[in-house]
Amino acid sequence: MERTGSSGHATTRWTNGYTESELDRAQRRFGLVFPPDLIALLRRRRPVEGYDWTDDRAIKRALEWPFESLRLSVEDGRMWWSEWGKWPSSARDREEKLREVISRAPKLIPLIAHRYLPEQPHEAGNPVFSIYGIDAIYYGANLNDYFEREFAGWNSKPWPAQIKYVPFWSELVERFAQDRNNS
């Protein structure tokens, strides 16, 4: 797949995929199980702007981003859900509580920038999330939908009526949408 850059020249959006052993190593190294549609995609091709699963430092930072950006949202007072209990008085206690909450949520697999595919359920068709602190939205109803929107524009086509629910992350999207609509 190619696109035309501002200079009028074609720019590549995709490059060669990973080998099976590279993907197996990445999953083992980072304690992940890639959904089958992600494996199929990454075996065929990978986005040039996407994360390089052979770059351990970049992947570690990307894996920590959802927690770190939510931690900042907690610390600046924009996020604390009542079901987590009383607001802890220390930043360390708030961080521990958030880490506990996030540890129960499905792990997020980094795709491009702050776009993530949930690891669970371990099946094709999981939605793609854009996570930037509490600014959390669906960026695709599934992996194919996501890449179409990533390259053609977020609202380039109608959104489906139903998007698969993923514990915690879908709730974050719904609560952010409510907060945004109530402001």
Side-chain angles (χ1 to χ4, degrees), residues 26-27 30-39 41-42 47 50-51 59-150 153-183:
Q27 291 175 90
F30 299 107
L32 297 167
V33 177
F34 293 172
D37 52 351
L38 181 60
I39 289 175
L41 173 74
L42 293 178
Y51 288 99
I59 297 297
K60 285 178 186 175
R61 278 194 311 269
L63 289 169
E64 271 298 307
W65 171 255
F67 171 79
E68 286 301 322
S69 69
L70 288 172
R71 185 185 62 75
L72 292 173
S73 293
V74 165
E75 287 310 306
D76 70 15
R78 293 182 299 142
M79 180 181 184
W80 190 263
W81 295 354
S82 60
E83 58 268 31
W84 298 349
K86 187 178 171 216
W87 171 267
S89 57
S90 78
R92 182 175 179 200
D93 290 344
R94 290 188 295 272
E95 181 177 334
E96 284 178 16
K97 182 61 180 181
L98 181 62
R99 198 167 293 281
E100 173 193 321
V101 168
I102 299 292
S103 74
R104 291 190 305 263
K107 293 177 186 177
L108 294 179
I109 301 167
L111 298 172
I112 296 175
H114 46 85
R115 316 283 196 266
Y116 291 85
L117 181 72
E119 178 189 52
Q120 293 176 9
H122 297 296
E123 60 190 34
N126 292 338
V128 172
F129 296 93
S130 173
I131 304 291
Y132 202 91
I134 61 167
D135 183 356
I137 60 173
Y138 291 112
Y139 217 90
N142 56 52
L143 202 54
N144 288 334
D145 183 61
Y146 159 68
F147 279 109
E148 289 173 14
R149 291 176 192 283
E150 185 70 50
W154 191 64
N155 282 316
S156 60
K157 62 183 188 171
W159 282 84
Q162 289 282 90
I163 296 178
K164 187 187 293 184
Y165 181 86
V166 176
F168 182 76
W169 303 110
S170 293
E171 179 77 9
L172 181 63
V173 167
E174 291 166 13
R175 287 183 183 207
F176 174 71
Q178 282 180 333
D179 289 348
R180 189 174 54 230
N181 292 335
N182 291 334
S183 339

Q.
Are Pro35 and Leu117 packed together at the side-chain level, in the sense that at least one heavy-atom pair is separated by less than 4.5 angstrom?
A. yes
Q: To the nearest 0.5 angstrom, please state how far the OH atom of Tyr165 sits from the CD atom of Glu174.
A: 6.0 Å
Q) Can you find a pair of side-chain heavy atoms, one from Asn142 and one from Lys164, that are under 4.5 Å apart? A) no
Q: Give the minimum heavy-atom separation between Pro47 and Leu42, together with the two atoms involved.
A: CD-CD2, 4.5 Å
Q. Under a 4.0 Å N-O cut-off, is there an ion pair linking Glu75 with Arg71?
A. no
(Q) Does any part of the side chain of Arg115, heavy atoms only, come nearer than 4.5 Å to the side chain of Arg149, both counted from C-beta? (A) no
Q | Under 3.5 Å donor-acceptor, Glu119 side chain and Val33 backbone | A | yes
Q.
When you measure from the side chain of Trp169 to the backbone of Ala105, do you find a donor-acceptor pair of N or O atoms at a distance under 3.5 Å?
A. no
(Q) Looking at Glu171 and Arg104, is there a salt bridge between them, counting it only when a charged N and a carboxylate O are closer than 4.0 Å? (A) no
Q) With a distance cut-off below 6.0 Å to the six-membered ring centre and an angular limit of 45° from the axis, does Arg99 pair with Phe67 as a cation-pi contact? A) yes
Q. Who are the side chain to side chain donor-acceptor pair (under 3.5 Å) partners of Gln120, not counting sequence neighbours?
A. none
Q: State the CH2-CZ distance between Trp81 and Arg175, to the nearest 0.5 angstrom.
A: 4.5 Å
**Q.** Rounded distance (nearest 0.5 Å) linking atom CZ of Phe168 with atom CG of Leu70
**A.** 5.5 Å
Q) side chain to side chain donor-acceptor pair (under 3.5 Å) with Tyr116: which residues, sequence neighbours excluded? A) none
Q. So, for Asp76 and Ser73, which heavy atoms are closest and what is the spacing to 0.1 Å?
A. OD1-O, 2.8 Å
Q. Do the side chain of Ser170 and the main chain of Pro167 share a donor and acceptor less than 3.5 angstrom apart?
A. no
Q) Quick one: are Leu143 and Asn126 in side-chain contact, heavy atoms under 4.5 Å? A) no
Q. If only atom types and distance count, is the side chain of Lys107 paired as donor or acceptor with the main-chain N or O of Gly31 below 3.5 Å?
A. yes
Q) Just wondering, do Phe147 and Leu41 contact through their side chains at under 4.5 Å, heavy atoms? A) yes
Q. At their closest point, which heavy atom of Pro66 faces which heavy atom of Leu63, and how far apart are they?
A. CD-O, 3.5 Å
(Q) Tell me every residue that passes side chain to side chain contact (heavy atoms under 4.5 Å, CB included) with Trp87, counting only those two or more places apart in sequence or in another chain. (A) Val74, Trp80, Arg94
(Q) Checking Glu64 now: which residues fulfil side chain to side chain donor-acceptor pair (under 3.5 Å) with it, not counting sequence neighbours? (A) none
Q: Evaluate the side-chain proximity of Ile112 to Tyr146: yes if any heavy-atom separation is below 4.5 Å, no if none is.
A: yes
Q | Sub-4.5 Å side-chain heavy-atom contact between Ile163 and Val173 | A | no
Q) What pair of heavy atoms forms the shortest contact from Ala136 to Ile131, and how long is it? A) CB-CD1, 3.9 Å
Q.
Please enumerate all residues that pass side chain to side chain contact (heavy atoms under 4.5 Å, CB included) together with Glu148, with sequence neighbours excluded.
A. Lys157
Q. Out of curiosity, Glu95 CD to Ile102 CD1, how far, rounded to the nearest 0.5 Å?
A. 11.5 Å
(Q) For Glu100, I'd like to know if atom CD has over 12 heavy atoms of other residues, nucleotides or ligands within 6.0 Å. (A) yes
Q: Begin from the C-alpha positions of Tyr139 and Phe129 and carry the test ring-ring contact (aromatic ring centres under 6.0 Å, His included) through to its verdict.
A: CA-CA 5 Å; Tyr139 217 90; Phe129 296 93; over 10 Å; no
Q. Which residues pass the side chain to side chain donor-acceptor pair (under 3.5 Å) test with Asn144, sequence neighbours left out?
A. none
Q: Quick one: sort the Tyr132 and Trp65 rings into parallel, tilted or perpendicular, breaks at 30° and 60°.
A: tilted
